[in-house]
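I have placed the structure first, in the form of structure tokens, so that the comments after it can refer back to it.
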Amino acid sequence: MTTRGAPAGGDVIVRPKIVRPKPGDTPVVYLLGTPGSPDQFILRNRDEAFARALSYARYHHVRAWFANGHNDFVLLEASLVEMKRSTG
């Protein structure tokens, strides 16, 4: 089951953002940041964004979240475990 909640101060958040791509570019980028501060990284693929967020969270002893809408957050590690279970 996916864990939902809200990030605390210091937690890292991955946010998808739709951009107007040039031909051949991806239409979505992923922004990494913390609550209450500007986004700090722009990444072009989801896997890299998740990997960086989880690495940051482990190093700083905080949690990593995926913003699944304006105020809808999913705990990233829990959702990755669920994805691995469903894909076998």
Side-chain angles (χ1 to χ4, degrees):
M1 178 168 198
T2 304
T3 303
R4 295 187 183 275
D11 286 354
V12 63
I13 302 169
V14 177
R15 302 175 206 277
K17 178 173 175 138
I18 298 173
V19 295
R20 291 188 206 178
K22 297 175 186 171
D25 283 351
T26 180
V28 178
V29 295
Y30 295 88
L31 308 174
L32 263 65
T34 55
S37 67
D39 294 313
Q40 298 157 342
F41 293 98
I42 299 173
L43 300 155
R44 296 207 178 270
N45 89 37
R46 186 185 67 186
D47 291 342
E48 184 180 357
F50 285 2
R52 286 200 185 200
L54 288 168
S55 177
Y56 176 93
R58 285 184 188 117
Y59 183 81
H60 293 284
H61 305 285
V62 295
R63 296 184 296 177
W65 296 86
F66 179 70
N68 198 20
H70 180 65
N71 282 322
D72 186 20
F73 298 97
V74 177
L75 188 59
L76 195 52
E77 207 158 311
S79 65
L80 291 176
V81 168
E82 187 175 303
M83 285 171 52
K84 284 182 184 178
R85 284 184 192 154
S86 68
T87 59

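Nothing here was measured: the structure is a model prediction, and the numbers come from that model. Note: hydrogens, waters and symmetry copies are ignored here, and every other heavy atom, side chains too, is used.
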For this session: Answer yes if F66 and L31 sit in the same cluster of Ile, Leu, Val, Met, Phe, Trp and Tyr residues linked by side chain heavy atoms under 4.5 Å apart, and no otherwise.
Result: no
For this session: Find out whether W65 and V14 are in side-chain contact, i.e. whether some heavy atom of one side chain is under 4.5 Å from a heavy atom of the other.
Result: no
Exercise. If you take all heavy atoms of A53 and L76, which pair is closest and at what distance?
Worked result: CB-CD2, 4.0 Å
For this session: Only counting residues at least two apart or in another chain, list the ones meeting salt bridge (charged side-chain N to carboxylate O under 4.0 Å, His left out) with R44.
Result: none
Result block: side-chain N/O donor-acceptor pairs under 3.5 angstrom for residues 33-42, not counting sequence neighbours:
residue, atom, partner, partner atom, Å
T34, OG1, S37, OG, 2.6
S37, OG, T34, O, 3.2
D39, OD1, R15, NE, 3.3

Problem set entry | Pairwise distance CG(L54) to CZ(R63) - rounded to 0.5 angstrom | 13.0 Å
Exercise. V19 and L43: same hydrophobic cluster, using ILVMFWY side-chain contacts below 4.5 Å?
Worked result: no
Exercise. Which atom pair, heavy atoms only, marks the closest approach of Y56 to G10?
Worked result: CE2-O, 3.9 Å
Exercise. Distance from Y30 atom OH to I13 atom CD1, nearest 0.5 Å?
Worked result: 16.0 Å
Problem set entry | Inter-residue atom distance L75.CG - D11.CG, 0.5 Å rounding | 8.5 Å
Exercise. If you group Ile, Leu, Val, Met, Phe, Trp and Tyr by side-chain heavy-atom gaps below 4.5 Å, do L32 and V29 land in one group?
Worked result: no
